[in-house]
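Notes follow the structure.
Counting convention: from 1, in listed order, for ligands and their atoms alike.
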Amino acid sequence: MDLKFDREHIWHPYTSMNNPLKVYPVKSADGVRIKLDDGRELIDGMSSWWATVHGYNHPKLNEAVNNQLNDMSHIMFGGFTHKPAIDLAKKLIDITPSDLQKIFYCDSGSVAVEVAMKMALQYCFSIGETKRKKFVTVRSGYHGDTFHAMSVCDPVTGMHEIFTGILPEYIFVDAPQIAYSEQWDYADFKQMFETIKANKDEIAAVIIEPIVQGAGGMRFYHPNYLKELRKTCDEFGIILILDEIATGFGRTGEFFACMHANVQPDIMCIGKALTGGYMSFAACLANEKISQGISDGKPGNFMHGPTFMGNPLACSVANASLDLLMSYDWRKSVKNIESIMTQELISAKEFENVDSVRILGAIGVIQMKSEVDMAKIQNDFVEHGIWVRPFGKLVYIMPAFIINDADLRELCRSLLTVVQMN
Ligand code: PMP
């Protein structure tokens with residue numbers, strides 16, 4: 001592989017062109033094994049950033065793509081519709097919170113967040129609440145890298161200072177502090193309540209990742225926070241947007257993380273594991289209130305329509321991925337991953353360089369006391385036969401649901417060995 005060319009010409013995620021981190025040439029991937037060009041095999045701990053819940057190269061998903069290829073790989077969604085899009089919408093309406101009945105397909109998680117925010121604003125304008133232009137969110141959140149999505153990411157890790165004056169300025173509240181299984185105390189929600197109350201006439205929507213804050217800190221917060229948020233949004237007529245892009249499709253132990261709190265959003269974003277991680281695809285789901293509010297108002301149309309909206313290949317593989325998820329007891333698999341990760345990772349709490357360890361569903365997080373040396377730790381992981389990609393102080397894994405016990409234990413043990421060395 002021409003790594004020199006790659007190094008000189010291809011931008012990789014979150015890097016500089018001057019001194020980028022090393023990239024490893026990968027030849028293929030199958031199940032939870034990533035095969036490098038030099039013949040080495042790595043056990044995958046990342047599911048390609050939450051996406052490949054069924055592992056790589058799955059025969060059923062391959063078959064779905066291949067079958068669809070023979071009919072059409074793409075067709076514009078303006079003026080056309082097709083069975084894969086309709087079948088998928090039926091399935092999504094079935095499995096997502098029952099209020100969500102209207103689906104907007106789009107091409108990536110960040111775009112789904114843009115669509116959700118645009119829907120919220122357009123709804124407010126359509127019903128005549130034209131003063132409602134602000135969004136409220138919590139610190140340590142992450143919603144994507146496009147501009148509106150970035151404006152609701154944590155202001156520090158989202159690098160707001162670079163784009164000051166360009167990024168819209170929204171309202172931030174401290175991140176929830178009470179962890180998922182700690183004792184609930186309403187005091188944790190008080191700042192959010194007071195902030196919403198103080199700005200009640202100017203807020204269009206609150207946007208938040210339910211239960212798990214992902215790339216902004218890998219934090220698991222208490223379901224009652226979300227319940228209180230729903231109540232407060234209802235009290236003040238504010239839309240609740242839940243970003244389930246990382247948490248959706250079983251990752252946290254419930255089909256969608258909002259189900260830990262039994263909360264229905266007005267708008268919900270999904271992506272990543274929607275296609276089993278096969279390709280970029282996402283959706284934004286809305287309830288009747290939002291869709292009617294927009295459609296009854298002026299201009300009535302929702303003004304968004306990406307070129308690859310409803311892409312048939314993506315819809316087909318998403319249909320196959322959902323069928324696969326429904327075909328076995330994924331809850332049992334996620335519980336099993338959670339219990340093995342708990343057994344294997346908890347001892348890291350005693351390491352002197354580790355601050356804390358937390359596990360929820362198929363997500364395991366080791367928070368270090370100081371930032372890791374990415375170049376070194378990445379190399380150590382590869383040398384130990386596993387693929388883990390930390391950021392900052394956070395070393396975390398989210399394996400595919402199909403990982404077997406032996407591979408998972410090996411992944412966890414090698415992870416601990418490397419963590420201890422760093
Ligand atoms: N929201 C959340 C919660 C995410 O984790 C991500 C991706 N890491 C996004 C939005 C953005 O998705 P994408 O990278 O597909 O644009």
Report task. State, yes or no, whether a side-chain contact exists between Arg251 and Thr247 at a heavy-atom distance under 4.5 Å. Result -> no

State the atoms of ligand 1, each with its element, that fall below the 4.0 Å cut-off from a heavy-atom position in [X].
{"X": "Ser110", "answer": "11 (C), 12 (O), 13 (P), 16 (O)"}
{"X": "Lys272", "answer": "4 (C), 5 (O), 6 (C), 7 (C), 8 (N)"}
{"X": "Ser108", "answer": "15 (O), 16 (O)"}
{"X": "Ala246", "answer": "5 (O)"}

Query raised in the report: Is the shortest side-chain N to carboxylate O distance from Lys60 to Asp323 below 4.0 Å?
Result: no

Query - Contact partition for Glu209 relative to ligand 1, non-hydrogen atoms under 4.0 Å - result: side chain

**Report entry** Backbone or side-chain N or O of Asp243 under 3.5 Å from ligand 1 N or O
**Finding:** yes

Query raised in the report: What's the verdict on salt bridge (Lys or Arg N to Asp or Glu O under 4.0 Å) for Asp154 and Arg139, showing C-alpha distance, side-chain angles and the deciding distance?
Result: CA-CA 5 Å; Asp154 182 85; Arg139 293 181 188 277; 5.2 Å; no

Can you give each donor-acceptor pair under 3.5 Å made by side-chain atoms of residues 394-404, sequence neighbours left out, with the distance rounded to 0.1 Å?
unit_1	atom_1	unit_2	atom_2	d
Asn404	OD1	Ala406	N	3.2
Asn404	OD1	Asp407	N	2.7

Query raised in the report: Does Trp49 come within less than 4.0 Å of ligand 1, judged by its heavy atoms?
Result: no

Report task. Around atom 12 (O) of ligand 1, find the nearest protein heavy atom and jot down its residue, atom name and distance. Result -> Gly109 CA, 3.2 Å

Query raised in the report: Which residue, Asn319, Leu100, Ile103, forms the side chain to side chain contact (heavy atoms under 4.5 Å, CB included) with Leu92?
Result: Ile103

Report summary line: With sequence neighbours left out, the residues meeting side chain to side chain donor-acceptor pair (under 3.5 Å) with Glu254 are Arg331

